[in-house]
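For reference, the structure discussed in these notes is given below.
For clarity, every value in this text was computed on a predicted model and none was experimentally measured. Per chain, numbering begins at 1; letters A, B, ... match sequence-line order. No hydrogens, no waters, no symmetry mates; every other heavy atom, side chains included, goes into these values.
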Protein chains: 2
Amino acid sequence: MPRSGEAVRRRLQQAALELFAEHGFEQTPVEAIASRAGVTERTFYRHFADKREMLFDGETELRDLLVQAVAAVPHGTKPLPTLRAAFHETVPLFERNRPFTEPGVRLIAETPALQERSLAKRALLVNALTDALQARGVDARIAPLCAQVAMDTFAVATRRWMQEPSVPLHDQVDQAFRELRLAAAALK
Amino acid sequence: MPRSGEAVRRRLQQAALELFAEHGFEQTPVEAIASRAGVTERTFYRHFADKREMLFDGETELRDLLVQAVAAVPHGTKPLPTLRAAFHETVPLFERNRPFTEPGVRLIAETPALQERSLAKRALLVNALTDALQARGVDARIAPLCAQVAMDTFAVATRRWMQEPSVPLHDQVDQAFRELRLAAAALK
DNA sequence: CTCTATATGTCATACTCTGACGCTATTAGT
DNA sequence: ACTAATAGCGTCAGAGTATGACATATAGAG
């Protein structure tokens with residue numbers, strides 16, 4: 001195989017993060033990113049489907065880990081406890097990547113176009129979790145609801161963890177799922 | 001006040017729906033929409049922020065209705081029952097708009113860019129519901145979780161209602177919230 | 001009828017993204 | 001070590017999205 005191109009991809013990500021931090025996402029043309037990385041604008045689009053996509057690189061890794069974790073939960077476990085356990089398995093990944101993802105999270109929070117893409121990525125995760133549940137025999141009727149609700153509960157946990165890093169993510173996850181159980185118990 | 005421009009806006013929407021149905025969303029340039037509506041491309045962007053936005057016109061109406069419905073629920077009602085009641089109030093709006101929204105829903109389902117925007121609109125609804133809950137004294141810690149979970153539960157109900165119109169939306173909503181309660185009861 | 005506010009047209013332009021073609025460098029095979 | 005294949009990259013062209021600036025036309029208020 002010829003030259004790898006992996007170095008170029010990393011340089012593009014590095015250049016983009018720097019420029020986004022300086023001028024913001026919308027005010028940074030792709031040409032500027034490519035230029036700082038020492039390549040052409042065309043090369044950028046050979047490494048990333050579009051300008052937003054480069055901010056969401058770890059999502060496929062997270063998805064694979066989650067699907068694997070769901071499959072590893074002992075059989076007979078109910079859907080939401082299964083998903084809670086799977087999310088606990090991803091905690092080390094989040095803790096390890098925290099310093100890297102923090103600036104990206106802030107950038108996403110203040111850029112509507114990136115929020116949209118972030119929501120789309122979460123939807124992909126929900127789909128993957130739905131399939132993983134159905135592979136365990138969960139009824140196709142409730143699998144999407146469980147996957148979606150668990151995803152949102154975990155999202156609440158991570159958001160709190162970002163704002164208040166003193167509480168471990170494990171505890172935030174348990175706390176959020178506790179609140180979900182209490183809130184749902186009030187339904188008739 | 002001079003000419004209203006309301007007729008042009010409607011013509012643009014009509015022309016867009018026709019062209020999207022014929023050639024798809026991505027394959028329809030804004031210029032073609034404007035041309036069929038008898039105006040310039042520039043005028044299109046004076047009526048809609050971007051090409052996707054025209055598919056999500058009813059969202060603000062739905063949002064206002066939901067916020068109003070949440071405020072109208074008797075005090076002392078718990079968050080999720082409050083939101084369930086609020087969503088029940090929006091059922092007539094959905095039933096009335098069903099023939100109009102059906103082609104749009106199919107178009108959104110098969111167009112990634114529109115799915116992203118749809119998710120963003122749902123996020124706006126969740127934010128509005130969160131605020132509406134907090135205005136009723138719901139703890140700011142659990143309001144976002146309740147709003148998000150209720151929104152997803154309602155989304156599941158509407159999706160089933162679209163696929164199987166024989167069951168009334170009211171029943172789909174109750175059924176989905178029942179499933180949410182059962183699923184959450186299995187936690188711990 | 002005149003004035004004014006608002007909608008629209010016109011023109012220019014920056015930016016995103018894609019296709020086509022050719023060049024170059026790296027790697028595998030001999 | 002030499003060659004050939006291949007993946008990465010540059011260059012060019014072009015369509016489509018979206019926005020700003022300025023001019024024009026039209027409907028309603030006085």
Query raised in the report: Taking it one step at a time, do Arg160(A) and Gln163(A) satisfy side-chain hydrogen bond (donor to acceptor under 3.5 Å, both in side chains)?
Result: CA-CA 5 Å; Arg160(A) 291 173 180 171; Gln163(A) 293 170 355; over 6 Å; no

Query raised in the report: Between dC15(C) atom C1' and Glu41(A) atom CD, what is the distance in whole Å?
Result: 8 Å

**Report entry** Secondary-structure string, 5' to 3', Watson-Crick or G-U under 3.5 Å, | for another-strand partners, for DNA chain D
**Finding:** ||||||||||||||||||||||||||||||

Query raised in the report: Do other residues, nucleotides or ligands put more than 12 heavy atoms under 6.0 Å from Glu18(B) CD?
Result: yes

Query - Cation-pi, Phe25(A) ring and Lys51(A) (6.0 angstrom, 45 degrees) - result: yes

**Report entry** Any Leu66(A) side-chain heavy atom under 4.5 Å of Glu89(A) side chain
**Finding:** no

Query raised in the report: Is the closest basic N to carboxylate O distance between Arg46(B) and Glu41(B) below 4.0 Å?
Result: no

Requested in this report: Taking atom types as modelled, find out whether Gln13(A) and Arg10(A) have a side-chain donor-acceptor pair closer than 3.5 angstrom.
Outcome: no

Report summary line: Taken to the nearest whole Å, CZ/Phe44(A) to P/dT18(C) is 11 Å

Query raised in the report: What is the distance, rounded to the nearest whole Å, between atom CD of Gln27(B) and atom C1' of dA15(D)?
Result: 12 Å

Report task. Would you mind checking if Arg9(A) and Asp57(A) are paired as a salt bridge, meaning a charged N to carboxylate O distance below 4.0 Å? Result -> yes

**Report entry** Pairs meeting criterion ring-ring contact (aromatic ring centres under 6.0 Å, His included) with involvement of residues 100-156 of chain B, two or more places apart
**Finding:** Phe87(B)-Phe154(B), Phe94(B)-Phe154(B)

Query raised in the report: dT13(C) C1' sits how many Å from Arg42(B) CZ, rounded?
Result: 12 Å

Report summary line: The correct set of residues in residues 28-38 of chain B placing a heavy atom under 4.0 Å from DNA chain D is Thr28(B), Pro29(B), Val30(B)

Requested in this report: State, yes or no, whether a side-chain contact exists between Cys146(A) and Leu83(A) at a heavy-atom distance under 4.5 Å.
Outcome: yes

Requested in this report: Flag the pair Arg122(A) and Glu59(A) as a salt bridge only when some basic side-chain nitrogen lies within less than 4.0 angstrom of an acidic carboxylate oxygen.
Outcome: no

Requested in this report: Verify the contact: side-chain N or O of Tyr45(A) to OP1 or OP2 of dC17(C), cut-off strictly under 4.0 Å; return yes or no.
Outcome: yes

Requested in this report: Taking only Lys NZ, Arg NE, NH1 and NH2, and the carboxylate oxygens of Asp or Glu, determine whether Arg117(B) and Asp50(B) approach each other closer than 4.0 Å.
Outcome: yes

Query raised in the report: Should Glu53(B) and Lys121(B) count as an ion pair when the cut-off is N to O under 4.0 Å?
Result: yes

Report summary line: Here the distance between atom C1' of dC15(C) and atom CZ of Phe25(A), to the nearest Å, is 12 Å

Query raised in the report: Looking across every strand, which nucleic acid part, if any, lies under 4.0 Å from Thr40(A) by heavy atom: base, sugar-phosphate, or nothing?
Result: base

Requested in this report: Name every residue in residues 5-16 of chain A that has at least one heavy atom under 4.0 Å from any atom of DNA chain C, in order of residue number, or write none if there are no such residues.
Outcome: none

Report task. Answer with yes or no whether Arg46(B) presents, from its side chain, a donor or acceptor under 3.5 Å of a partner atom in the base of dG9(C). Result -> yes

Query raised in the report: Considering only heavy atoms from C-beta outward, does the side chain of Leu187(A) approach that of Arg84(B) to under 4.5 Å?
Result: yes

**Report entry** Any Val8(A) side-chain heavy atom under 4.5 Å of His47(A) side chain
**Finding:** yes

Query raised in the report: Which ones in residues 103-115 of chain B lie close to DNA chain C, meaning a heavy atom under 4.0 Å from one of its atoms?
Result: none

Query raised in the report: Does any residue of residues 51-59 of chain A have a heavy atom under 4.0 Å from DNA chain D, and if so, which ones, in number order?
Result: none

Query - Short side-chain N/O contact to dG9(C) OP1/OP2 from Thr43(B), under 4.0 Å - result: yes

Report task. Find out whether Met162(B) and Thr101(B) are in side-chain contact, i.e. whether some heavy atom of one side chain is under 4.5 Å from a heavy atom of the other. Result -> yes

Query raised in the report: Does the pair Glu116(A)/Arg52(B) count as a salt bridge with the N-to-O cut at 4.0 Å?
Result: yes

Query raised in the report: Could you give the CZ-to-P distance, from Phe48(A) to dG8(D), as a whole number of Å?
Result: 13 Å

Report summary line: Whole-Å distance, His47(A) NE2 to dG8(D) P, equals 7 Å

